[in-house]
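Here the structure comes first, spelled out in structure tokens, and everything after it is commentary.
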Amino acid sequence: MIIFYYIVIFLGLFEEEGMKKEHKNCPITYAMKVIGGKWKPIIFMRLSHGINRFGVLSRSIEGISKNMLTRELRDLEAQKIINRKIFAE
């Protein structure tokens, strides 16, 4: 619940940039559109527990394909909700 609260506040700061006209009066609706869905809440929970490697994240979420996880992470990155760092192996 705390994560959701912070995301709503974060999205409230940027409502002028990405918010469509139908969501200007309700930041909760906009937040649910951005972070809602089948996989994003699970991804947020795993990230909040410190899982930050793609392989570990993929194995920790039962039923998600690597393509779907990649798509969801890229969407969150495009929304500037998460940041991606690439480490040399």
Side-chain angles (χ1 to χ4, degrees):
M1 188 64 165
I2 293 172
I3 293 172
F4 180 75
Y5 176 74
Y6 286 120
I7 291 171
V8 169
I9 290 173
F10 175 79
L11 292 173
L13 295 174
F14 295 99
E15 67 183 36
E16 292 301 320
E17 289 180 18
M19 236 186 201
K20 294 182 180 177
K21 287 183 180 180
E22 66 264 14
H23 299 300
K24 279 197 183 231
N25 295 330
C26 186
I28 299 295
T29 303
Y30 179 69
M32 290 307 297
K33 190 160 186 85
V34 172
I35 65 167
K38 182 177 180 180
W39 300 112
K40 287 179 185 170
I42 299 168
I43 292 170
F44 283 128
M45 187 198 57
R46 298 293 196 259
L47 292 174
S48 72
H49 287 128
I51 298 173
N52 58 3
R53 305 287 295 205
F54 182 84
V56 177
L57 189 61
S58 177
R59 287 189 297 273
S60 72
I61 302 174
E62 187 176 328
I64 192 169
S65 69
K66 291 184 188 221
N67 288 338
M68 179 57 77
L69 180 58
T70 300
R71 189 178 314 141
E72 295 288 337
L73 289 172
R74 286 183 181 162
D75 186 38
L76 292 171
E77 184 181 15
Q79 296 285 335
K80 297 183 180 173
I81 296 173
I82 62 172
N83 293 321
R84 182 174 109 168
K85 290 184 181 178
I86 300 173
F87 296 99
E89 291 283 325

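Predicted, not measured: the structure shown is a model, and the values here were computed from it.
Here the side chain of Ser48 pairs a donor or acceptor atom with the backbone of Met45 at under 3.5 angstrom. Of the possible polar contacts, one joining the Arg46 side chain to the Ser60 backbone as a donor-acceptor pair under 3.5 Å is found. Checked by atom type and distance alone, the side chain of Ser58 never pairs as donor or acceptor with a backbone atom of Phe54 at under 3.5 Å.
Between Trp39 and the choices Ile64, Leu73, Asp75, Leu69, the side-chain contact (heavy atoms from CB on, under 4.5 Å) rule is met once, by Ile64.
Taken from CD1 in Ile61 to CD in Glu72, the straight-line distance is 9.5 Å, to the nearest 0.5 Å. Taking CG from Leu47 and CG from Asn52, the interatomic distance works out to 8.0 Å, rounded to the nearest 0.5 Å. The line from NZ of Lys33 to SG of Cys26 is 12.5 Å long, rounded to the nearest 0.5 Å.
Minimum heavy-atom separation, Lys40 to Ile35: CB-O, 3.3 Å.
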